Amino acid sequence: MLRSVTGPGFLPAVAQVAEYLRTSLEERASQLGCPSVRGRGMLLALVLPKAVGPRVCEACFDAGLLLNSPRPELLRFMPALTVTPNEVDAMLANLRPAVELALRA
C-alpha cells in the first residue's frame with residue numbers, strides 16, 4: 001500500500017481526478033440549484049438548497065452510491081484515492097435523480 005501511494009505518478013493522478021471531481025460536482029450543483037461545493041481534494045461536500053441530505057443518501061444507496069449527510073443540508077463525498085474519471089461520471093449520473101427527487105418531495 002505505501003509503495004503504491006509513494007510510487008511515481010500516484011499523487012499527481014489523485015490530484016488530477018480530485019480536480020475533475022470538483023469541477024464535475026460544481027457543474028452538477030449549478031444544474032440542480034445547489035448553492036456550492038465545499039472541501040478540498042477528494043473530500044468534498046455539496047451544499048443542498050433544502051435539508052434533504054438523508055433522503056438523498058437513501059436514494060443514492062438504492063442506486064449503488066454510498067454517501068453520507070453530516071448535516072441535513074450537506075452531502076459528503078469521500079471516494080477512494082483510486083477513483084477514475086469514469087467512476088466519477090457514474091457517481092454523478094446516479095446523484096442527479098436522487099437529488100431531484102428529494103428536492104421535489
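Every value quoted in this text rests on a predicted model; they were computed, and no experiment measured them.
- Side-chain heavy atoms closer than 4.5 Å link hydrophobic residues (I, L, V, M, F, W, Y) into clusters, and following such links, possibly through other members, connects Phe10 to Met42.
- Across all non-hydrogen atoms, the minimal contact from Ala105 to Arg55 is CB-NH1, 3.0 Å.
- Side chains of Pro72 and Val52 form no contact here, defined as non-hydrogen atoms less than 4.5 Å apart.
- Interatomic distance, CD of Glu58 versus CG of Leu67, reported as 12.5 Å (0.5 Å rounding).
- By the 4.5 Å heavy-atom criterion applied to side chains, Ser69 and Val56 are not counted as neighbours.
- When the side chains of ILVMFWY residues are joined at heavy-atom separations under 4.5 Å, either directly or via intervening members, Val99 and Leu74 end up in two distinct hydrophobic clusters.
- A distance of 6.5 Å separates CG in Leu95 from CG in Leu46, rounded to the nearest 0.5 Å.
- Other residues, nucleotides and ligands contribute over 12 non-hydrogen atoms within 6.0 Å of the CD atom of Gln31.
- Atom CG of Leu44 is separated from atom OG of Ser36 by 11.0 Å, given to the nearest 0.5 angstrom.
- Note on Val47: it does not cluster hydrophobically with Val37, by side-chain heavy-atom contacts below 4.5 Å among ILVMFWY residues.
- A 4.5 Å side-chain heavy-atom check between Leu43 and Arg76 finds at least one atom pair inside the cut-off.
- Counting only heavy atoms from C-beta outward, the side chains of Leu92 and Arg96 never approach each other to under 4.5 Å.
- At most 12 heavy atoms of other shown residues, nucleotides or ligands fall within 6.0 angstrom of atom CZ in Phe61.
- Glu100 has no carboxylate O lying under 4.0 Å from a charged side-chain N of Arg104, or vice versa, which leaves the two without a salt bridge.
- Pairing each heavy atom of Pro49 with each of Pro35, the nearest pair is N-CD, 3.9 Å.
- For the pair Val88 and Val17, the minimum side-chain heavy-atom distance is below 4.5 Å.
- Atom CG of Asp89 and atom CG of Asn94 lie 11.5 Å apart (nearest 0.5 Å).
- For the atom pair CE of Met91 and OG of Ser24, the computed distance is 8.0 Å after rounding to the nearest 0.5 Å.
- Residues Arg22 and Arg38 approach most closely at NH2-C, 3.9 Å, considering heavy atoms.
- Separating the CZ atom in Phe77 from the CG atom in Leu66 is a distance of 11.0 Å, to the nearest 0.5 Å.
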